[in-house]
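Report on one structure; see the data block that follows.
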Amino acid sequence: QVQLVESGGGLVEPGGSLRLSCAASGRTFSTYAVGWFRQPPGKERELVAGFNWNGVTLYYAESVKGRFTISRDNAKITVFLQMNSLKVEDTAVYYCAISRRRYTSVVVSRDEYDYWGQGTQVTVSS
């Protein structure tokens, strides 16, 4: 059974940084696309960062480009989201997800992800 567990969320002031982690069990990230999504209160869940199956092609939403960095460890069982220069509008629950298909390019649609973590709350406030 595949499980994803996010951690690293919390309360931070504007301009601060957080590093989110997503640990996988039951599957590695080595042949699947991975995405970090976020869902602000009352809004749709959106993809903020992701990479294709081999980790070479990266995707960032325009709103986070230059501030967020997605990466994974060499064992391919943990994915990270480094978030710098955080803004109030970054406040959301953040989720990681693994794509349904293997050997796929960056997956933008959340409907194409099979496994999700429980989410971790990120609150940016002064």
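Values in this document were obtained by computation on a predicted structure and should not be read as measured data. Position 1 is the first residue of the sequence; numbering continues from there.
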Do the non-hydrogen side-chain atoms of [X] and [Y] ever get within less than 4.5 Å of each other?
| X | Y | result |
| --- | --- | --- |
| N52 | Y59 | no |
| L20 | W36 | yes |
| Y94 | L81 | yes |
| T69 | F80 | no |
| L86 | L18 | yes |

* What's the spacing between I77 CD1 and R72 CZ if we round to 0.5 Å? ->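 Rounded to the nearest 0.5 Å, the CD1-CZ separation comes out at 12.0 Å.
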According to a hydrophobic-cluster definition based on side-chain heavy atoms being under 4.5 Å apart (Ile, Leu, Val, Met, Phe, Trp, Tyr only), do [X] and [Y] belong together?
| X | Y | answer |
| --- | --- | --- |
| V88 | M83 | no |
| F68 | V106 | no |
| V108 | V48 | no |
| V93 | V79 | no |

* To do: Verify whether the ring centers belonging to F51 and F29 lie closer than 6.0 Å.
  =>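 No, too far apart.
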* Are Y32 and W53 an aromatic pair by the rule of ring centers under 6.0 Å? ->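 No; W53 has its ring centre 6.0 Å or more from that of Y32.
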Minimum heavy-atom separation for [X] and [Y], please, with both atom names.
| X | Y | answer |
| --- | --- | --- |
| S126 | P14 | N-CD, 3.7 Å |
| T104 | S99 | CG2-OG, 3.6 Å |
| S21 | T78 | CB-CG2, 4.3 Å |
| S105 | A33 | O-CB, 3.6 Å |
| Y95 | G117 | CD2-O, 3.6 Å |
| L4 | Q118 | O-OE1, 3.6 Å |

Checking [X] side chain against [Y] main chain: does a donor-acceptor pair fall under 3.5 Å?
| X | Y | value |
| --- | --- | --- |
| Y113 | V107 | yes |
| Y60 | I70 | yes |
| R100 | D111 | yes |
| T91 | V124 | yes |
| T123 | L11 | no |

* Start with the C-alpha gap between S25 and Q3, add the side-chain angles, then the distance that decides, and say whether side-chain contact (heavy atoms from CB on, under 4.5 Å) holds. => CA-CA 5 Å; S25 61; Q3 286 190 318; 3.4 Å; yes
* To do: Establish, yes or no, whether the cationic atom of R45 lies under 6.0 Å from the six-membered ring centre of W116 and within 45° of the ring axis.
  =>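 The answer is yes, since R45 meets both limits relative to W116.
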* Just by distance, with hydrogens left out, do S30 and T28 show a side-chain donor and acceptor under 3.5 Å apart? ->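 Yes, side-chain donor-acceptor contact under 3.5 Å.
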* To do: Scan side-chain atoms only and decide if S17 and N84 contain a donor-acceptor pair under the 3.5 Å cut-off.
  =>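 A pair is found: one side chain offers a donor N or O, the other an acceptor, under 3.5 Å apart.
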* Asked: Do R110 and E46 sit within salt-bridge range, that is, some charged N less than 4.0 Å from a carboxylate O?
  ->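 No, R110 and E46 are not salt-bridged.
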* **disulfide bond (SG atoms under 2.5 Å apart) contacts touching residues 8-63 (sequence neighbours left out)** =>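 Of all non-adjacent pairs touching residues 8-63, those that pass disulfide bond (SG atoms under 2.5 Å apart) are C22-C96.
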* To do: Would you mind listing every salt bridge (Lys or Arg N to Asp or Glu O under 4.0 Å) that reaches into residues 82-94, with sequence neighbours excluded?
  =>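 Sorted result for residues 82-94: R38-D90, R67-D90.
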